[in-house]
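Working notes, beginning with the structure itself.
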Amino acid sequence: MQSCTLIAPAKINLYLEIIGDRSDGYHELAMILQSIDLADQIHIQKSSIDSIRVRCNDPQVPIDKSNLAYKAAALMNAKYPEAFIKHGGLNISIKKRIPVSAGLAGGSTDAAAVLLGINLLWELGLSKSELEELGARLGSDIPFCIAGGTAIATGRGEQLAPLPSLDNIHIVLAKYRSLEVSTPWAYKTYRQQFRSTYIQDRESLAARAEAVHSSNMVKGILHKDTKEIVQQLHNDLEKVVLPEFPIVLELRETLTNAGVLGAMMSGSGPSVFAICESKQQAEEVKSHVRKKIPDQELELFVAQSIAHGIQLAP
Ligand code: ATP
């Protein structure tokens with residue numbers, strides 16, 4: 001195999017709770033993550049030049065060593081140097097559809113696709129869980145991007161417990177193109193403001209993370225009860241991002257007032273998603289919001305929950 005093309009889906013957070021600090025500087029989290037069909041396309045081709053090269057159609061995305069897709073290839077190179085020598089370098093081309101710095105794990109899913117793609121091209125035969133373990137070294141969201149579907153994520157987000165898939169959730173996703181929120185900034189600010197609420201002792205932290213497994217959100221997912229899921233939407237990071245970026249709060253309100261079931265910021269934002277009753281309602285809400293906010297900077301997408309992570313392109 002000389003090349004392969006992969007579809008790399010975005011994720012939204014249906015639930016994000018910050019429960020405490022970790023000794024490695026990250027936060028202990030309890031999240032429920034959902035893959036959606038808004039996806040990047042990653043083409044990986046073996047190259048005669050023995051280096052890694054990244055190209056991307058979106059000028060907002062760096063194409064140097066800071067690109068997460070590059071980092072994923074460099075990690076595979078470091079881990080399997082014989083395979084790199086045998087197969088040569090890699091040209092990675094990213095067709096970006098997922099908004100950048102949006103809280104949708106856009107970079108993480110590209111990295112996840114590169115790990116899967118190189119596993120195929122170099123015939124390494126690594127299992128999904130081995131790839132997830134490698135991915136966790138690069139970023140907390142990468143294991144979920146590989147696994148996909150619907151899952152509880154605890155620890156710093158890398159410990160996954162799969163849930164039955166939700167394949168019938170229709171959403172409208174909105175983001176101002178040049179408005180970026182840095183994930184490290186959001187967590188740092190949250191720590192500054194809410195540290196006194198953190199659970200301190202290890203046992204209580206573990207119990208809190210465990211409690212998510214029997215939460216009403218999980219019950220809603222198990223029963224495929226969209227109304228219950230909407231009632232349980234929660235994102236602690238809204239507490240720091242919305243006051244700092246009132247335009248995101250306005251966007252969330254515009255979506256809520258459009259008659260959707262519920263709306264919330266995804267991850268560290270600033271993207272906002274609104275859950276709708278049907279694809280048709282999602283299309284109507286998208287048109288309605290476009291009229292209310294005629295700003296061309298505002299990107300709007302209709303998307304749907306999906307039951308998988310990275311896949312080979314058909
Ligand atoms: P997360 O939800 O995992 O926190 P995000 O969706 O908020 O991520 P990304 O789109 O992954 O954010 O971008 C975060 C930063 O990573 C940006 O500053 C961007 O320049 C950089 N970056 C590196 N590689 C990529 C990539 N392949 N795609 C998008 N951004 C990338």
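Start at 1 with the first residue, then count along the sequence. Remember, it's 1-based here, ligands and their atoms both numbered in the order they're listed.
Looking at E297, its side chain does come within 3.5 Å of a backbone N or O of S178 through a donor-acceptor pair. Judged purely by atom type and a 3.5 angstrom limit, N119 uses its side chain to pair as donor or acceptor with the backbone of G125.
Every pair tested for ring pair (Phe, Tyr, Trp, His ring centres under 6.0 Å) that includes a residue from residues 273-314 fails, sequence neighbours excluded, so the list is empty.
In this model, a donor atom of one side chain and an acceptor atom of the other lie less than 3.5 Å apart for T150 and Q34.
Residue V61 belongs to a hydrophobic cluster whose other members are V100, with links defined by side-chain heavy atoms closer than 4.5 Å.
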With a cut-off of 3.5 Å and sequence neighbours excluded, list every side-chain donor-acceptor pair involving residues 247-271.
{"unit_1": "R252", "atom_1": "NH1", "unit_2": "E238", "atom_2": "OE1", "d": "2.8"}
{"unit_1": "R252", "atom_1": "NH1", "unit_2": "E238", "atom_2": "OE2", "d": "3.0"}
{"unit_1": "T254", "atom_1": "OG1", "unit_2": "E250", "atom_2": "O", "d": "2.8"}
{"unit_1": "T256", "atom_1": "OG1", "unit_2": "R252", "atom_2": "O", "d": "2.7"}
{"unit_1": "N257", "atom_1": "ND2", "unit_2": "E253", "atom_2": "O", "d": "3.2"}
{"unit_1": "S266", "atom_1": "OG", "unit_2": "N13", "atom_2": "N", "d": "3.4"}
{"unit_1": "S266", "atom_1": "OG", "unit_2": "G103", "atom_2": "O", "d": "3.0"}
{"unit_1": "S268", "atom_1": "OG", "unit_2": "T183", "atom_2": "OG1", "d": "3.0"}
{"unit_1": "S271", "atom_1": "OG", "unit_2": "A102", "atom_2": "O", "d": "2.7"}

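Protein residues with a heavy atom closer than 4.0 Å to ligand 1 are K11, V61, P62, S66, N67, L68, I94, K96, V100, S101, A102, G103, L104, A105, G106, G107, S108, D110, D141, T183, listed by chain and number.
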